[in-house]
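Note that the structure is predicted; figures quoted are calculated from it, not measured.
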Amino acid sequence: MKTFTKFLSLTAILAMVLCSCNKDNPNYTTNDPEGKENMGYLALGGLNASVMVETENTDSSENVADALATRAVDINTFNVVVSDATGAKVAEYLYSELPEEPIALYAGTYTVSLSSGEMTSGAEFEQPIYAAEKEVIITRKQTTTVSDIVCKLSNIKVTVAYSADILEQLDTDYSTMSVALGESALSYAINETRAGYFKAVEAENTLDLTFTCRYKGSEKDIIMTNKIEHVKAAQWRKINVVIQHAADGTATIGIVCDTWTYDEEISFDTSASLMEEVLVDDTDLPEIIWEGHNLEETFELTDDMFDADGNFISSINIDITSKSAIQSIVVKASSDNADFTAAYSEILPLEEDICDSEVSNAILKMMGYPTDAKGATSTRIKFASQAEMLKSYEGTHSFEITVTDANGGKSVATLSIKYGQGVAPVPSIVWVGYNIDEQQTYVAGMTCDLTVTAPLGIADFKVKIISATLTPEELSSVGLAGEFSLVNDSQYFESLKGLGFPVGDEVSGKTELNLSITTFLGILNSFGAGEHSFEMTVTDARGNATTKTVMIRFE
């Protein structure tokens, strides 16, 4: 009887809306008091987690690899925590004890976090914390799988070292380096070899340094201060205290970085050997720019950039500048068109250090690569030399450029160039005013206006209704189905038009489309609490497909 009553209510209401009748809608209440219909599943059994132990090294040692941390980490001891959108913990396991069977969760957004532990204070010696997190969306009656996650250092590593000549001059009993991040600080004795770890409180942090020292035979303390800015989690800041020699035979104590300040000059035995290491700050890293262009955006190569003879009449100049001498420029070429990478690899390796290449200078120049970059502080790559080849293959072609200077400073940028129809953007579906990737809670007056774009033209537009209330059987009673095409399923066109959907030629071949299911929301609201999803898949003329799901909760 209950099922029959619900069937009649749904049929009546949909029929009234489709026929534009103005009558009161009956009340509807869910027949799922425990909320089981709103459950989805999260599969953690196949989670493959790894740990990136090597931290980002900001030391300028010539052999950077020797300076990387190599601490053994047991991933099996990591905690795996599942939290809901409010941050509340809903499940927790050891990585070694993850359940094989999927766990049931209410539909919504969750965060899966892995961590090797927590710091008991803001700064501790020998307390590296490795962590990672991934956001997942649980959809009712569907299983979401979490696969690969890479954990990296989540705090900041700091070490302090001294050059041999300065150790001969200082009184070790009265010389310490204090490193502070906010209210948290560590004191490094002159013979301290342990690494300190600081909890990153911002995306970019500032380390405050205070060096107190006394040279042998003196009773007077010397205090110096400095700030190291733009410090990030997963970085290793290696502080090196050195002697800086002057031409007049005097020397000062300091860290060779631009912002170090001195409050007193001290005389030392200048015959001692000089050992300097540069602390490379983010502002000292090489720069890779294309003047007037944003390298984070894909550049579109068009036919009007070539003359009648096929000659490229524009420029693609990538300028590289460095405060220290350039040691390496590695160019890694890739493409979504295998024919392009095959053609490129016949000329140059897909990954090549053009500062140390076995390829002839003639070939490098032909491809627009400089032959005199090593040891220079500025150079230019002229990708215009490759424009004809880029135009010969439809697709998106990318060049990842990695520049390393003499101090170990490294910068990476990617130039992406697209040409032809094959690189047109895939279709997109946008819910105007709302995030379509998140479930929304219905409120009075809520609209659901969708903007669809398909640069190559819409070939098909399928809609799948996922709802405990609007079952396919019940929808069929009013001329609809649980799944239909706005382009091909003409038997539903009349009913769909009544709900505000464009159909047939109003959809097929269009590059832009506006549609609204606001009327449908009014219908669903009349049935009371529940959740409804509209899975929409737009396919363009070349078979590129995009799927988005409008998810709405009624309370």
Side-chain angles (χ1 to χ4, degrees), residues 2-3 6 10 27-47 49 78-95 97-115 131-149 429 431 433-444 446 448 463-472 474-475 482-483 517 520-537 547-555:
K2 290 182 180 179
T3 302
K6 181 176 68 172
L10 174 61
N27 293 326
Y28 178 84
T29 58
T30 180
N31 194 29
D32 180 28
E34 297 182 1
K36 293 182 179 178
E37 290 292 334
N38 191 30
M39 301 297 287
Y41 300 91
L42 177 64
L44 296 173
L47 175 60
F78 280 34
N79 287 325
V80 181
V81 175
V82 182
S83 305
D84 63 18
T86 67
K89 185 188 302 183
V90 297
E92 182 175 10
Y93 310 93
L94 281 177
Y95 178 74
E97 299 175 357
L98 288 174
E100 292 296 329
E101 296 298 323
I103 59 175
L105 298 170
Y106 286 103
T109 301
Y110 293 81
T111 300
V112 179
S113 304
L114 281 82
S115 175
E133 65 178 35
K134 177 177 287 188
E135 185 177 276
V136 297
I137 297 176
I138 302 301
T139 305
R140 61 183 297 275
K141 295 187 177 180
Q142 297 185 22
T143 299
T144 300
T145 301
V146 181
S147 53
D148 296 338
I149 293 183
I429 307 172
W431 184 355
Y434 299 88
N435 184 350
I436 198 170
D437 294 320
E438 295 181 358
Q439 186 183 63
Q440 306 294 332
T441 301
Y442 181 82
V443 295
M446 186 177 190
C448 190
V463 179
K464 182 179 181 181
I465 300 175
I466 305 171
S467 169
T469 302
L470 303 177
T471 64
E474 292 168 339
L475 287 169
E483 189 170 357
I517 59 171
F520 221 155
L521 297 190
I523 299 173
L524 297 175
N525 186 45
S526 68
F527 295 119
E531 295 191 358
H532 311 278
S533 296
F534 299 86
E535 181 183 283
M536 303 182 179
T537 301
T547 300
K548 291 289 184 179
T549 303
V550 173
M551 299 172 286
I552 307 175
R553 179 176 64 248
F554 293 83
E555 298 179 341

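Between I517 atom CD1 and I552 atom CD1 the span is 5.5 Å, to the nearest 0.5 Å. One finds the CG atom of L114 at 7.5 Å from the CZ atom of F78 (value rounded to the nearest 0.5 Å). Taken from CG in D148 to CG in L47, the straight-line distance is 8.0 Å, to the nearest 0.5 Å. Distance check, rounded to the nearest 0.5 Å: CD of Q142 to CD of E535 gives 6.5 Å. Here K141 contributes atom NZ and I466 contributes atom CD1; the two are 10.0 Å apart, rounded to the nearest 0.5 Å.
Taking each heavy atom of P102 and Y41 in turn, the nearest pair found is CB-CB, 3.9 Å. Considering every non-hydrogen atom in both D437 and M551, the closest pair reads O-CE, 3.7 Å. For the pair L98 and L44, the tightest heavy-atom approach, listed with the atom from each and the gap, is CD1-O, 3.6 Å. For the residue pair E531 and A107, the shortest heavy atom distance occurs at OE1-CB, 3.7 Å. Nearest heavy atom pair, residue M536 against residue V463, reads CG-CG2, 4.4 Å.
Every residue two or more places apart in sequence or in another chain was checked for a side chain to side chain contact (heavy atoms under 4.5 Å, CB included) with E101, and none qualifies. Qualifying salt bridge (charged side-chain N to carboxylate O under 4.0 Å, His left out) partners for E97, counting only residues two or more places apart in sequence or in other chains: none. Listed by chain and number, the residues in a side-chain hydrogen bond (donor to acceptor under 3.5 Å, both in side chains) with E92 are K89 (sequence neighbours excluded). Take Y93 and apply the ring-ring contact (aromatic ring centres under 6.0 Å, His included) test, not counting sequence neighbours, and it matches no residue. The side-chain hydrogen bond (donor to acceptor under 3.5 Å, both in side chains) check on S147 picks up nothing, with sequence neighbours excluded. Residues passing the side chain to side chain contact (heavy atoms under 4.5 Å, CB included) test with T537, sequence neighbours excluded: T539, A545, T547. Looking at residues two or more places apart in sequence or on another chain, you find a side chain to side chain contact (heavy atoms under 4.5 Å, CB included) between E483 and K464. Annotation: side chain to side chain contact (heavy atoms under 4.5 Å, CB included) contacts of V90 (sequence neighbours excluded): V82, D84, L105, Y110. Under the rule for a side-chain hydrogen bond (donor to acceptor under 3.5 Å, both in side chains), T139 has no partner lying at least two apart in sequence or in another chain. With sequence neighbours left out, the side-chain hydrogen bond (donor to acceptor under 3.5 Å, both in side chains) criterion links E555 to R553. Every residue two or more places apart in sequence or in another chain was checked for a ring-ring contact (aromatic ring centres under 6.0 Å, His included) with Y95, and none qualifies. In this view, F534 and F520 satisfy the ring-ring contact (aromatic ring centres under 6.0 Å, His included) rule, not counting sequence neighbours.
Two residues are said to be in side-chain contact when any heavy atoms from C-beta on lie closer than 4.5 Å; Y106 and M39 meet this criterion. Between N79 and L94, some side-chain heavy-atom pair lies under the 4.5 Å cut-off. Side chains of H532 and V550 form no contact here, defined as non-hydrogen atoms less than 4.5 Å apart. A 4.5 Å side-chain heavy-atom check between I137 and T144 finds every atom pair outside the cut-off.
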Next on the checklist: Determine whether M446 and N525 satisfy the following criterion, side chain to side chain contact (heavy atoms under 4.5 Å, CB included), listing intermediate values before the conclusion.
Outcome noted: CA-CA 11 Å; M446 186 177 190; N525 186 45; over 6 Å; no
Item to check | Stepwise side chain to side chain contact (heavy atoms under 4.5 Å, CB included) test for Q440 and N435 | outcome: CA-CA 8 Å; Q440 306 294 332; N435 184 350; 4.2 Å; yes
